[in-house]
Each structure stands twice: as structure tokens, then as C-alpha cells.
Amino acid sequence: MFNNRTKIKSILDAGETGREVTVMGWVRTFRNNQFIALNDGSTNNNLQVVVPLGLADDDTLKRITTGASVKVTGEVVPSIGKGQSVEVKANSIEILGDSDAEKYPLQPKKHSLEFLREIAHLRFRTNTFGAVFRVRHSLAFAVHQFFNERGFVYLHTPIITASDAEGAGEMFKVTTLPLNSAPTLEDGSIDFKEDFFGKSTNLTVSGQLEGELGAMAFSDIYTFGPTFRAENSNTTRHLAEFWMIEPEMAFYDLEDNMNLAEEFIKYLINYVLQNNADDLAFLDQRLAEEEKSKPQAERNEMGLLEKLRFVVDNNFERITYTEAIDILLQSPAYKKKKFKYEVKWGIDMQSEHERYLVEKHFKKPVIVINYPEGIKAFYMRQNEDSKTVAAMDILAPGIGEIVGGSQREERLDKLISRMEKMHVPVAEMSWYLDTRRFGSVPHAGFGLGFERMVQFVTGMTNIRDVIPFARTPQNCEF
RNA sequence: UCCCGAAUAGCUCAGUUGGUUAGAGCAUCUGACUGUUAAUCAGAGGGUCACUGGUUCAAGUCCAGUUUCGGGAGCCA
């Protein structure tokens, strides 16, 4: 029976002394042959376990090494030392699992994120990653709570899809055909009729189109699942396998969509502010120290907590694409020719342009709407001006695009003509078009990159550090 | 995929204009220590200088290629 143990978080939170507890966890450090800093992952804070002299023999004391797992029974007492208000005075101590200190890679010292990335199977045991992944959990929980409170249905859209129409990026092929002897047609191409599904299939790049089908029945749905892009992207904000949240709402226009997205992001941040105070305090300090080593010009003006509170307390800036281009054209940066890429109406804004708007001009999250139709997907609703579509991107400081969404084109004829213009196979998409044939309604939705949200909230600058086991080009360890 | 940079002890790094036996801090090990906070003090061990080839009397150092990693860009969430 192991479950009569008490979690460290509850001991520290209660601060109640005089009772006997059994705690289990992993040794972070063992000081002075007497003090164990014990962590069980329930909180970023360690429990100090005091091993009274004479309780354990020399052999046992030697086995209390960094990384070892121990079971301790003892009394919760007020701490004499500084740094913690209560501690556990051990009555018995048992080594559950040894950890050879010469071989255990984590040492009681600061490690670089790059090194920890190589030992991702152990990095959960560090302060930083403990905090990051507790926050990630809270965010995931808050996502479901937010939508549940609003009557949204959580819809599981497929992971394997046969649709290649969305054009959201390169896809991973799913097949059971033998790679070196796949059946071919007369023209030499692969005969997918022989394949498992009888057609060519891929891993999903988005659940949106299926999500729209759900919204046309439940009114409001959301998806939250893994998404796959086979792009050869090597950046601090792209993964080959990532998690995305895609709400889809019937009877919503673009403004309703913006309101929901902004409310959603603020809700998530608020949830973490309220439920992960210790983790955020640690991450705030971690980031502050990292900032110190950067040159003055590259430092962030706000600390992590300050930034999160600011985002929650202020309205996002809302501008049209046309206004955004005007701001860029009027900007000192443009006049001093600081931009590498051309600025004019019709361009797909580059990172440098988005960063300027968010980090220099507005200094807060910005929602840009009504993009030129030429640079956006076929399903976005065509505006009256017949030049732009009802798209919206939310740009966050330090991250870039965190949300991409739109009001969808609900008018069958306009949708079909746009699909034909963009060479989307209309016949294959008949199931999608049925929503516009039978009881079509104005609707809208967006996608939020979950890892980018975790990055924003934790202040981690590399997306590989906010997912347990990152999948990126040339890297699929663990 | 493109541009830039890096690779030296378990980790983080230093290593001069190419020149004897490659250093430091932390970690580890041994010993000391009854109030420590990444404990402290004393001592010890620990290196295929990423890999392959080249230049040279001589290469950790210079050159070429390869690999891996990091930052930026593109694609996007």
C-alpha cells in the first residue's frame, strides 16, 4: 500500500505541524549528511526532510544521492532553519530506488536548456521543466473548462485523413504499403487502391473542416488534439507534431469570433495566474535572470508576471490589414529602411513586420483582420469590398501568430467559385459543401497553437521546451 | 531549405601570433562536519580537443568536407 502517502504540496500548503506523514519522492540534494531536499512533482517547492543523527547507518546515508527515490515517515515540525516554515523530521527512511551519482546526468547545479533537451526523459525532474509542465497541464485543463462552461461540445476530429484539400502544409503519409515494393499503376505512380484505406491518406494538419460539420449541428464545438506538419521547419516556434485547439461556432461573425478568442486567451492566463502562482513566480525569476545576460537592446520591457497581468487587464488592439500596412508605411523603421522585405498592400506580412506592430508600435497583443483574399485560405468569407476576406490573426509579443481564424464562407456559390479559382478539388469536398447546401448559416472559428500559448505563459523561448518530447526534422527521440 | 555561429572533462567554459605534460568553476569520489538551503572545508580521479582528410618540422589552434547543436529567415499554429 503506497497511497497512504501525503503529497508534498499539501504538507507545504497546510503548514500544519505535529502530525505524522509518509512522503515519497526524489532527492534533489542531500546537505550536511542531514538535510534532504525532496520533490515529488506536486509543487515546485521542495520539502526539507531532516535525518536525525543515528537514524540511518552510513550505508543508507551514502545511498541518499541526487535522483534517488526515498520513502520517509516522520513528523511535520516547524523548521529551525530559514527558507521553509515546516519540515519533516524523519522517524524512518527507506531507499526505494538508488541513483548512481556518477552516472545520473542531473546535478545539483544549473544546466543549460540545450543539455536538458538531450535528456528530455529526465528533465521533468528539474525546477524549470517541473514548472513548465505543470503550467501546460493547467492550460489544457482550463481549455476544457472554458468551453464546457460555455456549452461547447468537445469533438474528436480524425487524426488520419484522406483530404488533402486544405493546403495547410506538407503532410505525413499514412500507409501500410511496403516502401520498397509498393504496387504501382501503369504510369508508375503508387496504386493506393491496394493500401489500407483504399486511398491515399495522411496525418491531419487541421480539424477545422470536420469541426465545421459539428458546428452545423451542435452550434458550438471545439477540437483539441495533435496536429502534424511535415514542413522542414527549424525554428523556435515550429514542431512536426503539436497540439491545436480549434473552436468552431455557428451564428458567429468575425467580431463574435474575435471576442471569443480574446476572452479565451485571457481566461487561460487568468486560470494559470490563480492556480500556478508558485510555478509562475519561479518562471518569472528564471526569465529575469536570463534577461540579465542579454544586451540591453534585446531585453523585454516587462517581466513575465507583469506581461501576463498586462495582457489580462488590457484590451487587445484591433486593426484591419489595410491599417496595419499604413502603420508600417508611416513607421520610422520603414522610413529608415530597417525592413528587409517590401511593404505594400497585398503582401503577406513578414515576421519583422508583425514584430514591429506588436512589440514596437502597440506593445500588446494585436488582432489584425480583413486580409487580402490572395494570401488566405479558400474557406474564408469574402468581404463586400471583394478584395479582402474576413480573416483574423492574433499576434502576440515574442511569439508572433498565436491564433489564426476567420468567418467562414457560408454562401455556396461564392465558396465554389473561390475553390475553383484556387484549384481546390470541389468534387472531393462534396461532404464539406453539404453544410452549405442544407441549412447553411454564418459561422466562424479559429485555431490556437497550444504550445505557442504555453510558450507565451511560461516565457520559454524555444517551443521544444514546452512539449514533453519534441518532434522536429531529424529528431524523434524517446 | 537558406544565412550566421558553435562543438575542448559529467556540466558550463578559458586556451595568446600554430610550439613541451591541455586548464578553471561546478559536479563526482575520499575524508571532516548536529541546522544546511545549488551547504562548507581539505584532498583525489577524470580528456579520441565532434568526425574525416589536408597544410606544416609541429595542429585544440590554420584549410576543406561531414555530422550534430544553437540563433535568425521562410512555411505556419
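Throughout, protein chains are lettered first and strands after them, A, B, ... in sequence-line order, and every chain is numbered starting at 1.
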Just to be sure I understand the rule, does A:N46 reach a base, reach only the sugar-phosphate, or reach nothing, if contact means heavy atoms closer than 4.0 Å? nothing

Picking from B:U34, B:A38, B:C29, which would you name as closest to the side chain of A:E102? B:C29

Could A:R381 and A:D253 be called an ion pair, given the rule that one side-chain N must be under 4.0 Å from one carboxylate O? no

Have a look at A:T236 and say if it touches a base, only the backbone sugar-phosphate, or nothing, with a 4.0 Å heavy-atom cut-off. sugar-phosphate

Just to be sure I understand the rule, does A:E87 reach a base, reach only the sugar-phosphate, or reach nothing, if contact means heavy atoms closer than 4.0 Å? base

Is the closest basic N to carboxylate O distance between A:E263 and A:R150 below 4.0 Å? yes

Nearest-Å distance for atom pair OH/P, residues A:Y104 and B:C11: 15 Å

May I ask you to evaluate whether A:N232 reaches the phosphate of B:U1, defined as a side-chain N or O under 4.0 Å from OP1 or OP2? yes

Mind pulling the stems RNA chain B is in, i.e. runs of at least three Watson-Crick or G-U pairs, everything under 3.5 Å? B:1-7 with B:67-73, B:10-13 with B:23-26, B:28-32 with B:40-44, B:50-54 with B:62-66

Carefully, step by step, assess A:D13 and A:S10 under the rule side chain to side chain donor-acceptor pair (under 3.5 Å). CA-CA 5 Å; A:D13 283 356; A:S10 74; over 6 Å; no

Rounded to whole angstrom, note down the C1' distance from B:G74 over to B:U28. 45 Å

In whole angstrom, give the distance that lies between atom CG of A:L448 and atom P of B:C76. 17 Å

Starting at CE of A:M380 and ending at C1' of B:C76, how long is that distance when rounded to a whole Å? 12 Å

A:V457 and A:L280: CA distance, side-chain angles, deciding distance, side chain to side chain contact (heavy atoms under 4.5 Å, CB included) verdict: CA-CA 8 Å; A:V457 174; A:L280 286 182; 4.2 Å; yes

Using the ring-ring contact (aromatic ring centres under 6.0 Å, His included) rule, collect all pairs that involve residues 24-64 of chain A, keeping only residues at least two apart or in two chains. none

On RNA chain B, does the nearest nucleotide to A:P78 precede the nearest nucleotide to A:P473 from the 5' side, or the other way round? Give the residue. A:P78

Is there a donor and acceptor pair, one atom on the side chain of A:S233 and one on the base of B:C76, closer than 3.5 Å? no

Who pairs with A:S42 by side-chain contact (heavy atoms from CB on, under 4.5 Å), at least two apart in sequence or on another chain? A:K7, A:I8, A:K9, A:D40

Take atom NZ of A:K340 and atom C1' of B:G72, then tell me their distance rounded to the nearest Å. 8 Å

With a 3.5 Å cut-off and just heavy-atom distances, do the side chain of A:H238 and the base of B:C76 make a donor-acceptor pair? yes

Counting only heavy atoms not in A:Q145 (residues, nucleotides, ligands), do more than 12 fall under 6.0 Å from its CD? yes

Sorted by number, residues from residues 388-403 of chain A placing a heavy atom under 4.0 Å from RNA chain B are A:E401, A:I402, A:V403

Heavy atoms only, 4.0 Å cut-off, all strands: where does A:K110 land among base, sugar-phosphate and nothing? base

Taking donor-acceptor contacts at under 3.5 Å, does the side chain of A:Q107 reach the base of B:G10? yes

Return the value, rounded to whole Å, for the distance between atom CG of A:D58 and atom C1' of B:C29. 16 Å

Please name the pair of heavy atoms, one in A:E87 and one in A:I80, separated by the smallest distance, quoted to 0.1 Å. OE2-N, 4.2 Å

What class does the angle between the rings of A:F124 and A:F469 fall in, given that below 30° is parallel, 30 to 60° is tilted and above 60° is perpendicular? perpendicular

With no angle test and no hydrogens, is the base of B:U68 tied to the side chain of A:E118 by a donor-acceptor pair under 3.5 Å? no

Has A:E354 got a side-chain atom pairing as donor or acceptor with A:G400's backbone, closer than 3.5 angstrom? no

Hey, what's the ring geometry for A:Y334 with A:F339, parallel, tilted or perpendicular (30° and 60° as the breaks)? tilted

What distance, rounded to whole Å, do you find between the two P atoms, one in B:C13 and one in B:U8? 9 Å

Keeping A:Y321 on the side-chain end and A:G346 on the backbone end, is there a donor-acceptor pair under 3.5 Å? yes

What contact category does A:K82 fall into here, base, sugar-phosphate, or nothing, at under 4.0 angstrom with non-hydrogen atoms? base

Could you give the NE2-to-P distance, from A:H111 to B:C69, as a whole number of Å? 20 Å

In whole Å, I'd like the distance from the CD atom of A:Q474 to the P atom of B:U1. 8 Å

Among B:U36, B:A73, B:A27, which is the nearest nucleotide to the side chain of A:Y341? B:A73

Could you list all the ring-ring contact (aromatic ring centres under 6.0 Å, His included) pairs where at least one residue sits in residues 64-113 of chain A, not counting sequence neighbours? A:H111-A:F115

Just call it for A:F115: base, sugar-phosphate, or nothing, with non-hydrogen atoms closer than 4.0 Å on any strand. sugar-phosphate

Counting N and O atoms only, with roles assigned by atom type, does the side chain of A:N462 sit under 3.5 Å from a partner on the main chain of A:R464, one being a donor and the other an acceptor? yes

Contact class for A:F228 (heavy atom, under 4.0 Å): base, sugar-phosphate, or nothing? nothing

Among residues 345-362 of chain A, which residues get a heavy atom nearer than 4.0 Å to RNA chain B? A:D348, A:Q350, A:S351

Determine the Euclidean distance between corresponding P atoms of B:A59 and B:U30; express it in Å to zero decimal places. 40 Å

Taking A:R286 for its side chain and A:M460 for its backbone only, find out whether a donor-acceptor pair lies under 3.5 Å. no

Expressed as a whole number of Å, how far does the C1' atom of B:C62 sit from that of B:U16? 15 Å

Once you round it to whole Å, what is the distance between P of B:G35 and CG of A:L55? 17 Å

Considering every strand and a 4.0 Å limit on heavy-atom distances, what is the contact class for A:S112: base, sugar-phosphate, or nothing? sugar-phosphate

Confirm from the modelled atom types if A:R452 and B:C76 form a donor-acceptor pair under 3.5 Å, side chain to base only. yes

Under 3.5 Å, is there an N or O donor on one side and an acceptor on the other linking the side chain of A:N33 and the base of B:U36? no

Both A:R237 and A:A37 contact RNA chain B. Taking the nearest nucleotide for each, which residue is further toward the 5' end? A:A37

Which is true for A:R28 with a 4.0 Å heavy-atom rule: it touches a base, it touches only sugar-phosphate, or it touches nothing? nothing

Compare the aromatic ring of A:F242 with the six-membered base ring of B:A77 and state whether they stack according to the 5.5 Å and 30° rule. yes

